[in-house]
Structure formats: structure tokens, C-alpha cells
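Down below is the structure, laid out as C-alpha cells.
To find a chain, count down the sequence lines: A is the first, B the second, and so on, and within it residues start at 1.
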Protein chains: 2
Amino acid sequence: MKNVTLKDVAMKAGVSPSTVSRVVSDDSRISEKTKQKVLKVMNELNYYPNSIARSLANKKTDTIGVIMPSYEEDIFMNPFFQEGLRGISLVTGKNSYDILIATNHEGEKDVDVLKRVIKGNRVDGIILTRSNEKDESIKYLRESNFPFVLIGSCLEYDDIPSVDNDNEKASYELTSLLIKKGRKKIAFIGGELHSVVIKNRFEGYKKALNDNNIKFNHEYLISDKFSEESGYKLTDKLLKLNDIPDSIIVADDLMSLGAMKKIKEEKYKVPKDIMLASFNNSILAKYSNPSITSIDINSVQLGKRACEKLFNILNNNKKLENNKEIVEYKIIERDSTKII
Amino acid sequence: MKNVTLKDVAMKAGVSPSTVSRVVSDDSRISEKTKQKVLKVMNELNYYPNSIARSLANKKTDTIGVIMPSYEEDIFMNPFFQEGLRGISLVTGKNSYDILIATNHEGEKDVDVLKRVIKGNRVDGIILTRSNEKDESIKYLRESNFPFVLIGSCLEYDDIPSVDNDNEKASYELTSLLIKKGRKKIAFIGGELHSVVIKNRFEGYKKALNDNNIKFNHEYLISDKFSEESGYKLTDKLLKLNDIPDSIIVADDLMSLGAMKKIKEEKYKVPKDIMLASFNNSILAKYSNPSITSIDINSVQLGKRACEKLFNILNNNKKLENNKEIVEYKIIERDSTKII
DNA sequence: CTGTTAGCGCCTTCAA
DNA sequence: TTGAAGGCGCTAACAG
């Protein structure tokens, strides 16, 4: 069963293909009468435009590419990405766009995926969902001048359109909260250190210590992968120090669950012996026992704003809006930092 | 800066376009020598094929469509979809495919999205991530004879290529577990009742009751949306009955957290007063307090197998393999059903 | 093994 | 307001 083409519609309606094309793309210069006639035939024939052919002709795909972690990475499962995707899909839907999730083909590095997708004309724009130090993808996108928005921040360039929380400030506040509660031996557990988010959070932590005349103890900074298991292992290290911390800032809820598990196993009490404060405020933090104080980073909003910004760029709505947009965070204080 | 085309490569290499095309598609009937020559030029010119043009010419997009819940639905946030997507992306990557997430454009119903994507030639195949009773999407896909695989089951047709757990059996086992522990007043909290998964799980529950000569109490079956909040509210209803249940089967971890919260608020003890057993075994179940017995449905595997099945269909690897594939589940028993 | 010739289905000048 | 013609970049016969 062959697909109905624009030509078929044209024939049956007794008009030229270009006329039908104009109806499809809602061109104004066309009489209401022929428009209705064509629409009727389109309906009768159950015609749908071939979007591949359209894309080829007008160089527009009505698709944006979202770069997620590759399936091998633990972080793929972080609720953050799902929430961000939800925000993005809300905006793409409103703009009649769809989303392409490019996956790493055999042997492809992240930049290769980008190149293939962009040079292959598969998308009109890109959303990056995270950033690393000296990020190759950002570098490539910037140099190729392809429309994109970063969820996160970029350390090297100042002209990257991006949406992010003020992670440094959030971390500063979170650390200050612990200090206010009388804690001085505050450790920091992070995910991969080349990740910009982690760097920012670490900076805020260090600054808070500094501003409160607490000297930074190198033993108290440890980091590894972004997983629950890694939270567990890192905490184990902390608890084996001669001078164990009285509180921990953890860069992600998932990791903090691992941390909590280890702390309990070693018979320490949260928050009495060790306070715990974390980031991302996924549902995990709320239902942990004790519940975990966490920074709500509003991931859905991050995705939403990133996508809106991308559409602004695509539509050339001048870049009057600031390149770097900040989404508000909120400290959700829970039992893990409440003195009882 | 115009993109380098196949033609440019052909000229510079001194061969015809078709020769270059053959190199791109790794056609066998071409001499190693010219192949190398062309590859060299492709490299020099930094050529990438325009995949839109390819698709138009050969009617193949190297993309599969994954139908997720729309952004308005609470269930969008269920970890299940993220895990399934991870499994899918593993397989698409291996097959050099990408994933299109079609979003509901303004005013589009679910079937409309399907039609647009399929008739628009945007994908080679579709993966449906859930199913409802009298599912319009399934009906449409089946009738249009478009390659697709369902993660889940279909009640109406027997010839739908699908991958699913044996949810009825799983639920039967879970219920039997509670019965074995001496519970007789077992309630069932489900998500939307038109969802096939819920129906299956409910059937298993009922069958287990039946086989154990426990009469099914209609007051003990309640259901609503697939959210934490709905779990909370539904449990509230249960606890207001004259004869409150001594255990609850909950159709999803997220809901069971809501249930747990309500139970605690009303000062009942889990598992002593009320046992709780749930489905999906997301990390939430593990870290709840008390931890929740849950069925591990192996979502990543569901996604993976669904995608592999889809590729089998696309490659005409005869349908020798059974249409309905079952992925094993596992009961993970935790504190919420352990008598202490 | 390689080149030539037509399209794939649509959009976009340009002319009428 | 409409139609004709050419082209988007690539592939698929068909020759040779």
C-alpha cells in the first residue's frame, strides 16, 4: 500500500502540486476556496506530508536533539534526566517539534555522535544535558556555530547559551546550614570531578568553609562515580579516617542513599553523629529514613527553559535575553540535618 | 559555510557520485583501491552524509520511535520508562540506530502522533512502552501493518509482537506470599484500571485469593492514578474501612511510598499491622523504611528485548521467534513483609 | 567494478 | 492567486 503523496492530492483536487504544498505549509497567498477544496481532498485521501521530503527541501527537521548520557554510564539512571526530558518534551510539544535521542553507535565518542547528527541534518538544534571541564562537545558546537543550549555551565567560554542553577551558591547555603548547626568537620562527597556541576558545588562548599574560618581538610573531599554504590564506598573511606566528619555534603541524592546506608551500618546516627545534606531533591531524599535535606534544583524547569531558549535562538528572537539563565533552587530541609 | 556533499567528494576523488555512495553504504562491489581513495577524500573534506537525503532515497531512517507517556501524565516520571529507555538505547546503539521521542503536538491525541510519525516516514519501527484496554494505538499499528513491538501485553489481539513479564503470575506469587504469612485481609491498590499491567496484576491477586479460599472483598480493590499521592489517598480510604486490611498489594513502588506514608501517619506498623508488597523494584523500594518487598520486573531487559525483537522484524529474521516474549521477574523480599 | 540516468516527495523561485 | 520547472542530496536500477 503506497503512501499518498502531495501529487496525488494535487491531481484529485485538480490543482498543481505547488498549490497543495502551499496549503500544507499554511501559505497565505492562496484563495480560501481552493484551500478548502484541497483540504477536503487531503482528508479524503488521508494524506500526511512526508516529513523527510519536507526536511530535505527546506532544511528544517522540526526536531531537536537531546544528548543524554550513554547507556553505559550509571548516571543514565539519575532521575534528573527524566525530569529534564519531561520539561523539554513539554516545550517541544507546544512548538510542534519532536525529540531525537542520538545513541552512541559502535565506536562513537560523544563528539562523533554530535557530528553525525548535525552534519547529517537530523536536527535543528541541540540540548546538552550536562557539561564537563574542557567539554569537547561544547567546543565543537560552539565552533561549528550550530544552535544549542546547555543545561549546566561552561567554565571555558562565556558565550554559551545555558540554563543552570547557581550551584555554587546553593552549595554555599547548604554548607552554611551545617555550620550554623554547629558542625565544623564537614566532608564533601562528589561525583566525577571533571563534571562542572560537581566543581561548582565543591567551590560553594569551600567558600562557605572559608568564610567561616574553617580550614578545608583535604581528606574530607572525595569523589568517584555518580552512583549509590560509590556513595557507599566513599563514605566508608570517610568513616575510616582518624578524625571522622560530623557532617557530609553529598552531590547527589542517589549517592547520599549509599552514604546513609554505610553510616547506619557503622552504627552512627543521622543527624546526631553525622548530618547529611544533598542535591537534586529526587523523591528518594524525601522517603529515605531519616529523610534527607536536599537542594531542589527544579529539573523540569531546567529542561523547559533550556528548550525555550533554544527555540528563541532558532527563531532569531534576538539574543536580547541573557545567555546564561539561572533557575531558582530551594533548600528542602528534612530530618538529616535537624537536631533532635 | 555550505555542507560538503557527496558530489563534492566525487569530483575531488575523480569518480562518480554512485561510487561514493557505494563507499558510504559499504557496498561490496567496489575495488579496495577506489574505496580507499574515496575514503581519503571524504576525510580531507570532512564529509558526512546527509541522512535526510539518504532516508528520502532509500526509505529508511535508521531511527525507531519510542512512544512515552505524554508530559502531562504523572506516570512520565516513573523510573520504569527511564530504565526501559536505557535498554532500548543499548540496542539501537549497537545497530547504529537513533531514537525519536515523538511528543504530543497541540491538540494531538496519542494515535495522531503515531499517524504523523509513521505516515511522515520518520521512523522505521515503533516501540510502545505500555498498553491499555482497547488500545487505539495498538489497533492502528496492527491495521496499518507497521513494524512495532509492545512492551506490555494486549488483551484484544493475539498476534501482537510484545515483551512482557508474566504479571499475573508475579502477582499471584506476591499475594501467595502474604497468605503464607498468615494474612487474609489483603487489599489491592492499583494505578489506572484500564491499564493492562494493572489488570494482569489484579487478576493474579484475585486468583491467589481464590485458590486459597479467601473471598474477594470489593472494598479492598481501589485504584486511581499511578502516583505517590494517589497511593497516599487510596490507602487513606482503606484505613477508614470498618474492617481494615492486614496487608496490601500495591501495583507500583511510587504508589507504595504514598501508602507507607499514610500507614505510618495513622500509627500502624509495617509489617506487623499491615504488610506491604509492591511492583517494579525501583530503588525507592530498597531505601524505604521499612524497605518494601517488590517484584523486580527487569525493565532494562524489557526495553532491550523489545528493541531486539523490533530489529528482528525489520530484518525479516522470520517471525520464527514467538510473538510474545516473557522476561523473568524476581520477588525481592524485604522488611515490609517480614514478620519480626 | 564503475558510471549514467532517474527519481524519492516536497518546496521555492519565477513567470503568468 | 496559481502553475511550471528545477533542485534539496542521495540511492537504485541499468548499462557497460
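- With a 6.0 Å cutoff to the six-membered ring centre and a 45° limit on the axis angle, Lys115(A) counts as a cation-pi contact of Tyr140(A).
- Counting non-hydrogen atoms under 4.0 angstrom, Leu56(B) reaches a base of the nucleic acid.
- As a whole-Å value, the separation of Lys119(B) NZ from dC10(C) C1' is 17 Å.
- In this structure, Val15(B) reaches the sugar-phosphate backbone alone: every heavy-atom distance under 4.0 Å involves primed, P, OP1 or OP2 atoms, never a base.
- The side chain of Lys59(B) contributes no N or O atom lying less than 4.0 Å from OP1 or OP2 of dT11(D).
- One atom, CE of Met11(A), and another, C1' of dG9(C), lie 15 Å apart when rounded to the nearest Å.
- The side chain of Thr5(B) lies closest to dG9(D), out of dC10(C), dG3(D), dG9(D).
- Judged purely by distance below 3.5 Å, without hydrogens or angles, the side chains of Arg122(B) and Thr63(A) pair a donor atom with an acceptor atom.
- What separates CG of Asp26(A) from C1' of dC11(C) is a distance of 15 Å, to the nearest Å.
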Close N/O contacts between protein and nucleotides 12-16 of chain D (under 3.5 Å):
| from | atom 1 | to | atom 2 | distance (Å) |
| --- | --- | --- | --- | --- |
| dA13(D) | N6 | Arg22(B) | NH2 | 3.4 |

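- As judged by a 4.0 angstrom heavy-atom cut-off over every strand, Thr34(A) is placed among residues touching the sugar-phosphate backbone only.
- Between the CG atom of Leu6(B) and the P atom of dT11(D) there is a distance of 6 Å, given to the nearest Å.
- Side chain to side chain, Asp124(A) and Thr61(A) meet the donor-acceptor criterion of an N or O pair below 3.5 Å.
- In this structure, Lys33(B) does not reach the dC1(C) phosphate: none of its side-chain N or O atoms is under 4.0 Å from OP1 or OP2.
- In this structure, Gly14(A) and Arg54(B) both approach DNA chain D, and ranking their closest nucleotides by distance from the 5' end singles out Gly14(A).
- Look at CD on Glu32(A): it is 11 Å from P on dT2(D), rounded to the nearest Å.
- One interatomic measurement links the two molecules: CD1 of Ile30(B) to C1' of dG3(C), which rounds to 12 Å at whole-angstrom precision.
- Of the N and O atoms on the side chains of Ser18(A) and Ser21(A), not one donor lies less than 3.5 Å from an acceptor on the other residue.
- No side-chain donor from either of Thr92(A) and Ser89(A) sits under 3.5 Å from a side-chain acceptor of the other.
- Computed from coordinates, the Lys60(A) NZ to dT12(C) P distance equals 11 Å when rounded to whole Å.
- Asn3(A) and Asn50(A) form no side-chain donor-acceptor contact under 3.5 Å, judged by distance and modelled atom types alone.
- Rounded to an integer number of Å, the gap from Asp8(A) CG to dG9(C) P is 9 Å.
- Remark: the Ser70(A) side chain and the Asn104(A) side chain contain no N/O donor-acceptor pair separated by less than 3.5 Å.
- Contact annotation: Tyr47(B) side-chain N/O to dC10(D) OP1/OP2 distance is under 4.0 Å.
- Side-chain contact between Glu108(B) and Thr103(B) is absent, with no heavy atoms from C-beta onward closer than 4.5 Å.
- Across dG9(C), dC11(C), dC10(D), the shortest atom-to-atom separation from the side chain of Val24(A) is found for dC11(C).
- Side-chain proximity of Ser31(A) to dT11(D), dA4(D), dT1(D): nearest is dT1(D).
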